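Read the structure below first, then the notes.
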Amino acid sequence: MDEKPSAAAELPKQYSPQGTEAKWHQYWESQGYFHAPPDAARKPYTIVIPPPNVTGALHLGHALNNTLQDILIRWRRMQGYAALWVPGTDHAGIATQAVVERRLLQEEGVSRHDLGREALVERIWAWKEEYERRILGQLKQMGCSCDWQRTRFTLDEGCARAVRHTFFRFFRDRLIYRGKRLVNWDTYLQTAVSDDEVFHEAVQGHFWHFRYPVVNPQPGEPDHVSIATTRPETMLGDTAVAVHPDPDAALDRVAEELQQKLASASAKERPALEAQQQELERRRKEVLPVLRQLRDMAAAGRKVRLPLAERDIPLVADEWAKPELGSGCVKITPAHDPNDYEVGLRQDLPMVNILRPDGTLNENAGKFAGLEIPAARKAVVQALDEGGYLLQVEDREIDLAHSDRSKTPIEPYLADQWFVKMDDLAQSAMDAVSDGRVSIVPSRYAKGYLDWLGEKRDWPVSRQLWWGHQIPVWYCPGASEVEIEKTFAKHDDVAWQWDEEGQQWLICALEDLPADAIPGYELRQDPDVLDTWFSSALWPHSTLGWPEKSEDLDFFYPTSTLITSRDIITLWVARMVLTGLYNVGDIPFHEVYIHPKILDGYGEGMSKSKGNGVDPVDVIEKFGADSLRFGLAYLTTETQDIRMPVEFECPHCQALLPQTKENRVLPRITCSKCGQDFGTQWSSKPEDRSLSRGAVVSERFELARNFCNKLWNASRFALLNLEGYESAPVKESSLAVEDRWLLSRLSTVAEGITQHWEEYKYADAARMLYGFAWDEFCSFYLEMVKSRLQDPQQRPVAQRVLATALDTLLRLLHPMLPFLTEEIWQRLGAAAPQRGLTAPAPAAESVMIAAWPAGELPARDEAIEQRFAHFQAALGAIREIRSRQNIPPKTQVRFLITTDAATADALSEMEPYFATMAAAEPIEWGANLQPAGLVASVALPGMDVHVDLTGLIDVASERSRNEKELARLQGLIRGKEAKLQNENFVKRAPADVVQKERDALAELNSQLTTVENALSKLAEVAS
RNA sequence: ACGCGAGUAGCUCAGCUGGUUAGAGCGCCACGUUUACACCGUGGAUGUCGGGGGUUCGAAUCCCUCCUCGCGUACCA
């Protein structure tokens, strides 16, 4: 016969995600499912993507972040919300410029200054185009259901307008100001960076002790002061030496604190504290008198001689000098140290800057001018030594500040910068979280947010870069206020302030001003750009149309949830809250969910520079996007970061080679299996680059891949058995036990998953679906429905339930496994276009827009679930006996179950399934039955299962098993008895708990009897 | 130094509003090709729940303390 193969028959045995994924993404896009216009008939659900930096391609951290967002968006969309997910990318000012500059230098030997501003920015735009395309492509490959029509970029026109308006409003409201401040200076990139762009790293350094001579020492006075530093070259910028104004009181306070500590110290801590105490006493005797003298000398306006610079600098009395440390005196370099800067302000000291922006010393450094810092350091130390000023050098580990972007040491540097005043803005953002308008999940992260904002440190927003939003301020030194007013009187989009420090007008405008805007003067725009977080801070409202009036903004703002990682809670989340409140008058989002970080197998964060980063596309190619998504969701628990051991996959033989700290940065690796070489991301030489590249993957996605395959095959089974399917309402009475059980379980699971999504319990949801689909749907339901599908009488109902159950399961799985579920949904649609039990209806054209399961199936039926549990237990017992007795799978066994009448009744209905699932047939079931002949037994709560072993028994193994079981039960019984004999327990524990223990004991005793009986029977046989 | 998190089976992790006989996946052992699936099936072994103290009738779960690891923040003349 020439049969036409059905769609189902073509299904391969293994699910292969390659090919199907791109197809469905295209389909969804062509159907317009991703687009979410405002829709008054629906409730809004909005997420704005944390825009990935266009510095490079996405890694697994992004994959996690975006998977979690897509799961929520798909789920809410199915629930009927107008679910909008706004995609986009971030220009990442300093980071991107640094990457491109480095590239230029490496490949063309060209610096930004060689190229010029315009050309460099052009190059960065080209880079941005390339990586934006790559990033958006990656997101699509992952299945992200963003509204792609709304794709935004923090440097696009809309964002530029939002930035302009915000800056202008800040300026007008005097929330933004310009001033000389000590900033973190990156001498490599030649820009200021914020505290948050700085990381600290311990390096080996030295601690130098110098002496500064006292000018004209009087008899009895010290002739020098001793100071110490880790950065000797800064002494050229010293403008004072400080001593504590009341060293006696300060030392007393320290002594008192020490005393307190000692009082509560453990024996182990005591010696160290006592040593400190002794040191303090020594200080009192030896150092304190000198400090008193110096304090008095400071009060008298005395000076010390600064060597090399040959300047006289004052002794000042300031609390910053700690009498308990070092010599008790400290050099003050206001222009190059944050603490000294504060002292400088307090004491009204001159601030001598000794650096040029490029990190070389300037003319203030005298003969050291032009040297780079390391060279200057050496030269200064040598000169001091030669002059007899060097007292001592110690080796010391120094926690040195580095720029996050250039990885070079940060120099504190005095520069003109723009700042945003944080007082009220920060307070508003704190209030929003304190009063619960914005809630942070998990809540423990709220503390860091509040602490950080609580410091209310002004936000330095200017960067000496070329890639970013240029500061919309024009300088005009000469004009009078009258002239300015005359020019701009009719413009409410221009505001101005007098800059006292710079002796010039600062003119801020919404639209660019021409250089000749004020007749007779030349305006010059500030060349700096804004901190990249300035535009990111506006992201939730700028992407929805602000500052224009916009339907989108009205409908979708505030957004629902922000999903991000913990390291940008302050940098980004806090600032979005404050700008949202300031610009729009409302919070930007109701909830912030903070997800775990992905670490490698050694517990280290993933990064490009470490070489342990994983490209999600590698994972997708090996395991499929659904496996990537499910695997990540499965690992997203509330407290644990995600440990992800990383492997290279040999491109020749597919062997997985564990990544170690050593091999992960090699340009070429030899496969230990096949002996062939392959390349890595570090390959740069032509001979390495020509090798095939080994993908970097992790075996932690195998669980998800296997799960997908399992689902695929379960569906394959269903589809193979849906031939001749016809939809019709199914009467409840025609349902089989397993149908009712499965439907009850589906209802329970649907509720559970909904709850988990509401609470961001990704791992719980994934585990629940994994367990349900594998252990219940596949291992039990499908096995049980097999025989009914063979029976023409029962087949139609079985098919209808099967189609409906699979339909529901697919919808529950879809947010996590969009591609696989769509693939099956479409095939299911071909085989069973109308589905449903009470009122079959045409299935949705795509699972993506199908309704989220809620209340459509019969509610949970505890009785049937209980009954089923008995069946599963009995079946398990028989299988266990078969296995331990080594009974061949095809050999039929007979069994007997003693249990109460109700359970026996329920079990007897399941008779056929014992035959198909355990090759076992019942002898009898009921109360008070005694097994005749030789049996193997398992005692279960509420029932004993005996399998007739005539002619089969392996006595020895049966005996040892039973003896083990006997001992186990006896142990449990002893524990329970002890508990129940404890009067306190019986008296104080709640009655139901006590009763539960009594019941459990009775149950255990009955199990024990069964085992004892079995053993005595075995003894008879043996003798 | 302070704050947060973690320490549960060989590995990676659930469980922690106190009351089960402490679970899962991988790995391991045995059996198995039963017509959806070997990316599979059936069964099994494996844990003084980091150490010590306390609260309680009862602690993996609460409190104190110590140890180890990770992260964050601060300071370091």
Side-chain angles (χ1 to χ4, degrees), chain A residues 8 11 13-15 195 200 207 209 227-231 234 241-242 266 268 320-322 325-333 337 339-340 396-399 442 444-445 447-448 451-452 566-567 569-570 596-597 599 601 603-605 623 627 634-635 637 639-645 699-700 702-703 705-721 763-764 767 770-771 778-779 782-783 786 790 876 879-884 886-890 916-919 941 968-969 971-972 975-976 979 982-990 992-994 996-997 1000 1004:
Chain A
L11 293 178
K13 287 188 172 190
Q14 264 189 26
Y15 173 58
D195 289 348
H200 293 259
F207 198 43
H209 298 260
I227 55 91
T229 180
T230 57
R231 297 185 298 154
T234 61
V241 168
S266 67
K268 221 173 95 188
W320 167 239
K322 305 279 187 283
L325 292 176
S327 69
C329 296
V330 56
K331 67 195 262 309
I332 302 299
T333 323
D337 180 279
N339 290 305
D340 292 4
R396 181 158 166 177
E397 195 173 82
I398 301 159
D399 202 18
R444 73 186 121 96
Y445 291 112
K447 186 174 152 41
D451 287 352
W452 185 82
R566 71 174 96 94
D567 29 77
I569 294 174
T570 52
K597 275 182 81 164
L599 311 174
E604 294 182 37
F623 296 104
S627 299
Y634 190 89
L635 295 168
T637 57
T639 54
Q640 290 273 54
D641 282 335
I642 298 174
R643 193 69 75 96
M644 179 87 51
E699 64 185 4
R700 301 211 64 188
E702 281 175 8
L703 169 128
R705 185 252 267 132
N706 294 352
F707 182 51
C708 288
N709 195 242
K710 186 72 178 175
L711 292 168
W712 174 255
N713 277 292
S715 308
R716 183 167 177 264
F717 169 82
L719 293 167
L720 285 166
N721 283 284
D764 289 327
R767 281 161 212 261
Y770 182 94
C778 293
S779 295
L782 292 188
E783 290 307 320
K786 273 179 184 169
Q790 303 303 320
R879 284 171 165 176
E880 189 194 324
I881 292 168
R882 293 191 66 107
S883 173
R884 73 182 194 234
N886 277 319
I887 299 169
K890 285 190 173 144
T916 55
M917 298 172 80
R968 191 184 69 93
L969 288 169
L972 290 173
K976 291 268 185 262
K979 202 172 200 180
N982 181 341
E983 274 182 42
N984 277 325
F985 171 68
V986 179
K987 222 162 44 194
R988 301 199 193 179
D992 61 317
V993 171
V994 176
K996 223 165 113 190
E997 291 298 313
L1004 288 169

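Scope of the values below: all heavy atoms of this structure, side chains included, with no hydrogens, waters or symmetry mates. What you see is a predicted model; the values in this text were computed from it and never measured. Residue numbering restarts at 1 for every chain, and letters A, B, ... go by the order of the sequence lines.
Atom P of nucleotide B:A36 and atom CE of A:M917 are separated by 14 Å, given to the nearest angstrom. Nucleotide B:G23 holds its C1' atom 11 Å from the OH atom of A:Y634, rounded to whole Å. For the pair A:E702 CD and B:A38 C1', the interatomic distance rounds to 14 Å; values are reported in whole Å. Taking atom CD1 of A:I569 as the reference point, atom P of B:U73 lies 11 Å away to the nearest angstrom. We find that CD of A:E699 is positioned 11 Å from C1' of B:G25, with the value rounded to whole Å. Per the geometry, CZ belonging to A:R643 stands 5 Å off P belonging to B:C13, to the nearest Å. Taking atom CG of residue A:D641 and atom P of nucleotide B:U12, one finds them 14 Å apart after rounding to whole Å. Counting to the nearest Å, the P atom of B:G3 and the CG atom of A:D451 are 11 Å from each other.
Here A:L635 lies out of heavy-atom contact (under 4.0 Å) with every strand. A:C778 comes within 4.0 angstrom of a nucleotide base, judged by non-hydrogen atoms across all strands. Backbone-only engagement by A:R879 is indicated by non-hydrogen atom pairs under 4.0 Å involving sugar-phosphate atoms exclusively. Within the 4.0 angstrom heavy-atom criterion, only backbone atoms of the sugar-phosphate kind lie near A:F207; the bases stay farther away. The residue A:R882 sits apart from the nucleic acid: no heavy atom pair falls under 4.0 Å. Counting non-hydrogen atoms under 4.0 angstrom, A:T230 reaches the backbone sugars and phosphates but no base.
Side-chain contact between A:I332 and A:W320: present, with at least one pair of heavy atoms (C-beta onward) separated by less than 4.5 Å.
Judged by atom type and distance alone, A:K13 does not reach the base of B:C37 through any side-chain donor-acceptor pair under 3.5 Å. The base of B:A36 sits with one of its N or O atoms less than 3.5 Å from a complementary donor or acceptor on the side chain of A:E783.
Put simply, A:T637 has a side-chain N or O that comes within less than 4.0 Å of OP1 or OP2 on B:A14. Contact between the side-chain N/O atoms of A:K447 and the OP1/OP2 oxygens of B:G72 is not found at any separation under 4.0 Å. Contact annotation: A:N713 side-chain N/O to B:C40 OP1/OP2 distance is not under 4.0 Å. Proximity of A:K786 to the phosphate of B:U35: no side-chain N or O atom is located under 4.0 Å from OP1 or OP2. When the side-chain nitrogen and oxygen atoms of A:N339 are compared with OP1 and OP2 of B:C76, one or more of them lie within a distance under 4.0 Å.
Each of A:K322 and A:F707 was matched to the nucleotide of RNA chain B holding its nearest heavy atom; the match closer to the 5' end belongs to A:F707. Heavy-atom nearest nucleotides on RNA chain B were determined for A:R231 and for A:E880, and the one closer to the 5' end corresponds to A:E880.
B:G54 and B:U17 are spaced 24 Å apart, taking the P atom of each and rounding to whole Å. Taking the P atom of each, B:U61 and B:G70 are spaced 25 Å apart, rounded to whole Å. Across B:A59 and B:A22, the matching C1' atoms stand 13 Å from one another, rounded to whole Å. Across B:G15 and B:G72, the matching P atoms stand 24 Å from one another, rounded to whole Å. Comparing B:C62 with B:C26, their C1' atoms sit 33 Å apart, to the nearest whole Å. Remark: the separation of the P atoms in B:G41 and B:A36 is 14 Å, to the nearest Å. For B:C28 and B:G47, the C1' atoms lie 16 Å apart once the distance is rounded to whole Å. Here, B:U68 and B:U42 have their P atoms 45 Å apart, quoted to the whole Å.
Distance from the side chain of A:S779 is smallest to B:U42 among B:U42, B:U12, B:A36. In this structure, the nucleotide among B:A36, B:U12, B:G5 sitting nearest to the side chain of A:R444 is B:G5. Here B:C37 is the nucleotide among B:A24, B:U42, B:C37 with the atom lying nearest to any side-chain atom of A:K710. Of the candidates B:C13, B:A36, B:C37, B:C37 carries the atom nearest the A:N709 side chain, counting heavy atoms from C-beta on. Listed nucleotides B:C71, B:C13, B:C76 differ in distance to A:R566; the shortest reach to its side chain belongs to B:C71. Picking from B:G3, B:U12, B:G25 the nucleotide with the shortest atom distance to the side chain of A:R700 gives B:U12. Counting only heavy atoms from C-beta on, A:L720 has its side chain closest to B:A36 among B:A36, B:C13, B:G44.
A salt bridge links A:D641 and A:R566; the closest N-O separation between the charged side-chain nitrogens and carboxylate oxygens is under 4.0 Å.
If you check B:A45 for Watson-Crick or wobble pairing at under 3.5 angstrom, you find it has no partner at all. Pairing for B:U20 is absent, with no Watson-Crick or G-U wobble pair whose two atom distances lie under 3.5 Å. Searching all strands for a Watson-Crick or G-U wobble partner of B:U73 with both distances below 3.5 Å returns B:A1. A 3.5 Å limit on both hydrogen-bonding distances identifies no Watson-Crick or G-U partner for B:U34. Applying the Watson-Crick and G-U wobble criteria (two distances, each under 3.5 Å), B:A6 pairs with B:U68. For B:U56, there is no paired base (Watson-Crick or G-U wobble, both distances below 3.5 Å). B:A14 is unpaired under the Watson-Crick or G-U wobble criterion, no partner having all donor-acceptor distances under 3.5 Å.
A cation-pi arrangement is found for A:K786 relative to A:F717, the charged atom lying closer than 6.0 Å to the ring centre and inside a 45° cone about the ring normal.
Rounding to the nearest 0.5 angstrom, the gap separating the CG atom in A:N713 from the SG atom in A:C708 is 11.5 Å. Between A:I642 atom CD1 and A:L599 atom CG the span is 8.5 Å, to the nearest 0.5 Å. Separating the CG atom in A:D340 from the NZ atom in A:K331 is a distance of 7.0 Å, to the nearest 0.5 Å. With rounding to the nearest 0.5 angstrom, the OG1 atom of A:T570 is 11.0 Å from the CG atom of A:D451.
Of all non-hydrogen atoms in A:Q14 and A:N709, the two that sit nearest each other are CA-ND2, 3.4 Å. When all heavy atoms of A:A919 and A:R882 are compared, the pair lying nearest together is O-NH1, 3.1 Å.
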